[in-house]
Amino acid sequence: MKTRTLAVAVVLSVVSMTRVPAQQAPADLILTNGKIITVDERFTIAQAVAVRGDRFIAVGSDQAIGKLAGPSTRRIDLRGKAVIPGLIDNHMHLLRAGTTWQYEVRWDGVASRAEALERLRARAKTVAAGEWIYTLGGWTIEQFADDSRPFTRAELDRVVPDHPLLLQASYYKTYLNSRALQTLGIDNATGVIDEAGVRAVAARVPVASGDRLEASTRQMISDLNKAGLTSFGSAGCETDVLPLYRRLADQGQLNVRVFCITGAAAANPQQVDRVVAQVPSMKLFQGDRFIDHVFYGESVYGPLHDPMFVPTTNPQPDELAQWRRIATEIAKAGLPLHVHANMTNTIDAFLTQVELVHKEHPIRNLRWTLAHVNQINASQLERMKALGMYAAVHPWAVINGGINRTVFGEAAIDMPPLRTIQESGITWGLGSDGTRANQILPFTTLWWAVTGKMVGGRVTVGPEQTISREDALIAHTRRNAFFVFRENDLGSIQAGKLADLLVLDRDYLTIPADQIKDIKPVMTIVGGRIVFGS
Ligand SMILES: [Zn+2]
């Protein structure tokens, strides 16, 4: 049986890779003379690929694909360059990020304090005096290899004297200059806000709305395409921002695909009553190939929402009972669930609840997913597999590794235990949880997965927890297609799938591992349209 299945698979694959149907209209676009890393089930490497409309129509040799060209086909000679599928982040707070993007000086992947400060100086020259400049997460002070001492108020006053300046390091610290303290009416000699106050002060800076929201969002999407990202599991999908994405999609101008993780999180038992009444009428999968709602999440019951930097958690039975009331309704309604769960004790407690729910309302085919899972262990992975659950892995260590060492000590080395997850055989995918808790550059995430290094080079994952570059790429592409319910449309370069791909400036599979973070797409294609590069 196994041999026969394999034989059929090989025949089908050979046919799809070489078939040139006589009646078929010519391709709109062909890319030839490249190294096409398809990330299909057999990790096939091809030379060329053809696109018609918004889908791949064939993948194969230069000769076979060349035959699909007609007089009006656009041809791109890849000159040996590597091509991979468009990268998918299975969990990013995408819509919220668009509201702040135009004010932010992003430090994703910046390993030098000197460069970080230079970016502030450069921005200050282009922004009118008195206007805000800020960065809301995506970096930590420990990522600066040249100097990782905390920012001082005097230093920030020297670099940006004439603008209120707020620098939020992950969710751990916020640094303010004197203008910012003055503008916010905060009396604080050092300008440093500790973890407990980070969210409150971030809520006081201006955000974009109206026309500025569109400009800010378009700039963000352009930057994301440039970084190699083409699809997102979007945590939140705020209802005041989503119509902008709908309009861009309807105009054929949305250059990312957005798969929403949404739901009403309850903060107390009275709100649980309300949510329990609402869940049965929640409708998912009413969207299209650019925007859809696919998961309930990412929070079920607020009091059980794990913070990032506490050494341990202790979920209470009464809280877990409220969590289970909502989870039961989600299971009963047959909805997928993507839930924030990070700490060992919380994961254990949630799994116990899911096992109880599962007895009454089986969840096996609902893609229930634990998200972040930085403290997951092997026995929890076994329980999840037995329940038919999945893991969306968001390695906060990529920027927070230094803080993790301070808060969790030696345990930080296994946060998250990437190879344990890979070897467990569970279906898992990579995301960032950006743009505040983590950096969002996918090649920085892939580099971390392969080398274990946080931005700036401090080792945060032991060498026994790194994985192969092939497995890392699969987790950021084909596996993530599963986490946005588009495994038939996205995640690999195969005939019939949507034509999302990246042409890279160097070969992901053969360059030294330490250079993976430096890979730059030279072209990004979404649905057959070139959205970045030329
Ligand atoms: Zn979360």
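Throughout, residue positions are numbered sequentially from 1 according to the sequence presented. Indexing begins at 1, ligand by ligand and atom by atom, following the structure's order. It should be emphasised that the depicted structure is a prediction, and the values quoted were computed from it without experimental measurement.
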Would you say D306 reaches the Zn ion (ligand 1) with an N/O/S atom under 2.8 Å?
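It does not; every qualifying atom lies at 2.8 Å or beyond.
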
Below 2.8 Å, can you find an N, O or S atom of H372 next to the Zn ion (ligand 1)?
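Within the cut-off used here (under 2.8 Å), H372 does place an N, O or S atom near the Zn ion (ligand 1).
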
Give the name of the N/O/S atom in H340 that lies closest to the Zn ion (ligand 1).
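Going by distance to the Zn ion (ligand 1), the closest N, O or S atom in H340 is ND1.
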
Of the N, O or S atoms in E298, the one nearest the Zn ion (ligand 1):
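Looking at E298, the N, O or S atom with the least distance to the Zn ion (ligand 1) is OE1.
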
Run the ring-ring contact (aromatic ring centres under 6.0 Å, His included) test on H340 and H338 for me, step by step, so that the C-alpha distance in whole Å, both residues' side-chain angles and the decisive distance to 0.1 Å come before the verdict.
CA-CA 7 Å; H340 176 109; H338 177 116; 9.9 Å; no

Sole candidate of E41, R478, K497 that passes side chain to side chain donor-acceptor pair (under 3.5 Å) when paired with S492:
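It is K497, the one option of E41, R478, K497 that forms the side chain to side chain donor-acceptor pair (under 3.5 Å) with S492.
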
Please report the C-alpha distance between F309 and Y171 in whole Å, then the side-chain angles of each, then the deciding distance to 0.1 Å, and finally whether the ring-ring contact (aromatic ring centres under 6.0 Å, His included) criterion is met.
CA-CA 9 Å; F309 304 119; Y171 280 111; 8.3 Å; no

So, applying side-chain contact (heavy atoms from CB on, under 4.5 Å) with D433, which one of H93, M92, M308 is it?
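The residue from H93, M92, M308 that satisfies side-chain contact (heavy atoms from CB on, under 4.5 Å) with D433 turns out to be H93.
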
